[in-house]
Amino acid sequence: MIDPATIDVPEFLERWYGPPDGPSGTLPTTCDWLPAPLKEWHRLASRWSTPLMTVNRMIAPEQVKAGEDSTAVFMEDATGDWRWAFGTAEPDVVHEAELYEPWQRCAESLPELLTHSVLYEATYTGSSWRECAQVEEHRLDSVLAPMTRIAFGGWGSPRPGGRIFMSDTLVAATGPAMAPGSPWENRPGYAEVRVATTEPERLAYLDDMTDIPWIKPFP
C-alpha cells in the first residue's frame with residue numbers, strides 16, 4: 001500500500017488540474033489560529049480557479065469557528081449532513097459525525113484527511129471516468145489492477161469501508177454497494193466503484209470488461 005504521507009499533493013494537483021493559474025492566496029490574520037495543514041490546504045487550493053471540491057465542501061477559513069465542545073468544523077458533505085472537525089486543543093485530531101449526532105474520533109489525522117480529500121475529490125473531477133454502483137467483488141482485482149491502494153484510515157461518510165487507489169494516471173474510489181430498497185443497507189458481495197483519469201485512453205481496459213455496466217460521460 002501507499003503511505004499517504006509520501007504523496008506529493010502539489011505535484012498531484014498539477015498533474016490532475018494542470019499548472020496553477022493564480023498566486024497563492026493570503027489568509028486574513030483572524031485565521032492565524034487554524035492548524036497549519038488546513039491553512040496550507042487553503043493557500044494551495046487558491047492557486048487554481050478550477051474548484052477542487054465537488055462532493056464535499058471545505059468551509060472558508062474565515063468562517064471556521066471554535067465550538068463550545070472544543071471542536072471546529074472545517075469540512076462537510078454537500079448537504080451539510082456529515083461534518084468533520086479538528087480539536088481546538090489537539091489540532092491534528094479529527095472528529096466526524098452526522099449532523100446532531102455525537103462526535104466520533106476519525107481514524108485519520110488532519111494532514112492525512114486533507115490528502116484523502118484531494119484524492120477522493122479527484123475521482124469526481126477527472127475529465128474521463130467510469131462508474132458502476134454494483135460491481136461484483138470478485139471483479140475488483142481486475143478493475144483495480146493498474147493501481148495501488150492508499151493506506152488511508154477511512155471515513156464514516158458516505159458509508160464506512162471506502163478505499164482509495166491510485167497510479168500515475170488513475171484514481172479510484174470504492175466502497176460497499178447499497179442494497180436496493182429501504183433501509184439502504186450494504187449489499188453483500190458487491191461494491192461501488194468510480195475510476196477517473198485525465199487521459200481517456202487509460203480507461204480502455206475497463207471498457208473491455210463488458211460484463212460490468214459502466215456509466216461514462218457523454219461524448
Side-chain angles (χ1 to χ4, degrees), residues 1-21 24-25 27 34-48 50-58 61 74-75 84-87 90-96 104-130 140-176 191-199 201-203 205-206:
M1 288 198 287
I2 299 171
D3 181 348
T6 66
I7 296 174
D8 186 329
V9 172
E11 190 272 337
F12 172 81
L13 291 174
E14 288 206 34
R15 283 194 288 112
W16 205 254
Y17 299 100
D21 53 5
S24 178
L27 301 183
L34 297 176
L38 185 59
K39 290 189 289 187
E40 180 56 30
W41 187 95
H42 282 286
R43 293 190 188 102
L44 183 61
S46 70
R47 300 179 65 197
W48 280 267
T50 300
L52 306 188
M53 305 283 287
T54 60
V55 182
N56 296 321
R57 183 179 78 90
M58 198 69 72
F74 66 91
M75 189 172 82
W84 290 264
F86 62 84
E90 298 178 283
D92 266 2
V93 174
V94 177
H95 308 272
E96 61 176 343
Q104 302 293 326
R105 182 163 176 162
C106 184
E108 300 177 358
S109 66
L110 180 59
E112 181 178 327
L113 183 141
L114 293 171
T115 300
H116 187 163
S117 176
V118 167
L119 273 295
Y120 179 71
E121 295 288 338
T123 68
Y124 288 89
T125 57
S127 55
S128 295
W129 50 270
R130 300 291 183 270
L140 285 179
D141 285 347
S142 297
V143 171
L144 301 170
M147 293 166 277
T148 302
R149 182 180 171 184
I150 306 173
F152 289 127
W155 301 344
S157 173
R159 292 187 302 284
R163 300 182 296 171
I164 304 290
F165 297 74
M166 71 180 300
S167 68
D168 288 343
T169 56
L170 298 167
V171 179
T174 73
E192 62 177 17
V193 179
R194 185 178 176 100
V195 184
T197 184
T198 58
E199 302 177 13
E201 66 276 8
R202 301 292 182 176
L203 300 177
Y205 81 102
L206 295 178

Under the side-chain hydrogen bond (donor to acceptor under 3.5 Å, both in side chains) test against Y17, which residue among T50, T125, T198 passes? T125
Within-4.5 Å side-chain heavy-atom neighbours: E108 and V94: no
Report yes if some heavy atom in the side chain of M58 is under 4.5 Å from a heavy atom in the side chain of M75; otherwise report no. yes
Is any side-chain heavy atom of L206 closer than 4.5 Å to one of V143? yes
For a 4.5 angstrom cut-off between non-hydrogen side-chain atoms, does T54 reach E121? yes
Tell me every residue that passes ring pair (Phe, Tyr, Trp, His ring centres under 6.0 Å) with Y205, counting only those two or more places apart in sequence or in another chain. none
Using the side chain to side chain contact (heavy atoms under 4.5 Å, CB included) rule, pick out the option among T115, V171, D168 that qualifies with F12. V171
Going by the rule side-chain contact (heavy atoms from CB on, under 4.5 Å), which residues pair with T197 if we only count those two or more places apart in sequence or in a different chain? S128, T169, L170, E199, R202, L203
Point-to-point distance, once rounded to the nearest 0.5 Å, from CE of M53 to OH of Y120: 10.0 Å
When rounded to the nearest 0.5 angstrom, what is the spacing between CD1 in I150 and CD1 in I2? 5.0 Å
If you compare all heavy atoms of E11 against all heavy atoms of D8, which two are closest, and at what distance to 0.1 Å? N-OD1, 3.0 Å
Which value, rounded to the nearest 0.5 Å, describes the distance between M147 atom CE and S167 atom OG? 6.5 Å
For R105, look at atom CZ and say whether over 12 heavy atoms of other residues, nucleotides or ligands are found less than 6.0 Å away. no
Of all heavy-atom pairs linking A196 and G126, the shortest is CB-CA, 4.2 Å
Nearest non-hydrogen partners of S157 and E96, listed with the distance: N-OE1, 4.4 Å
Less than 3.5 Å apart, any donor N or O on the side chain of H116 or W155 sitting next to an acceptor on the other? yes
How far apart are the C-alpha atoms of L113 and F74, what are their side-chain angles, what is the distance that settles it, and do they pass the side-chain contact (heavy atoms from CB on, under 4.5 Å) test? CA-CA 11 Å; L113 183 141; F74 66 91; 3.8 Å; yes
Test of understanding: with ring pair (Phe, Tyr, Trp, His ring centres under 6.0 Å), list the residues that count as partners of F86, not counting sequence neighbours. W33
Where P10 and L44 come nearest, the two heavy atoms and their spacing: CG-CD2, 4.1 Å
Quick check: closest heavy atoms across T123 and A173, and the distance to 0.1 Å? CG2-N, 3.8 Å
Would V195 and F165 count as a side-chain contact (heavy atoms from CB on, under 4.5 Å) here? Give the steps. CA-CA 9 Å; V195 184; F165 297 74; over 6 Å; no
Does a side-chain heavy-atom distance below 4.5 Å link R194 with W129? yes
One pair to check against side-chain contact (heavy atoms from CB on, under 4.5 Å): W84 and N56. What are the steps and the verdict? CA-CA 10 Å; W84 290 264; N56 296 321; 4.0 Å; yes
Going through the distances and angles, do R163 and L140 end up as a side-chain contact (heavy atoms from CB on, under 4.5 Å)? CA-CA 12 Å; R163 300 182 296 171; L140 285 179; 4.1 Å; yes
Does any part of the side chain of E192, heavy atoms only, come nearer than 4.5 Å to the side chain of R159, both counted from C-beta? yes
Could you tell me whether the side chain of L27 reaches within less than 4.5 Å of the side chain of E40, counting heavy atoms only? no
Would you say E112's side chain and P4's backbone share a donor-acceptor pair under 3.5 angstrom? no
Atom pair CD/CG of E90 and L110 - distance to nearest 0.5 Å: 12.5 Å
Heavy-atom pair with the smallest gap, counting every atom of P37 and D92: CG-OD1, 4.2 Å
Measuring only between side-chain heavy atoms, which start at C-beta, is L13 closer than 4.5 Å to L52? yes
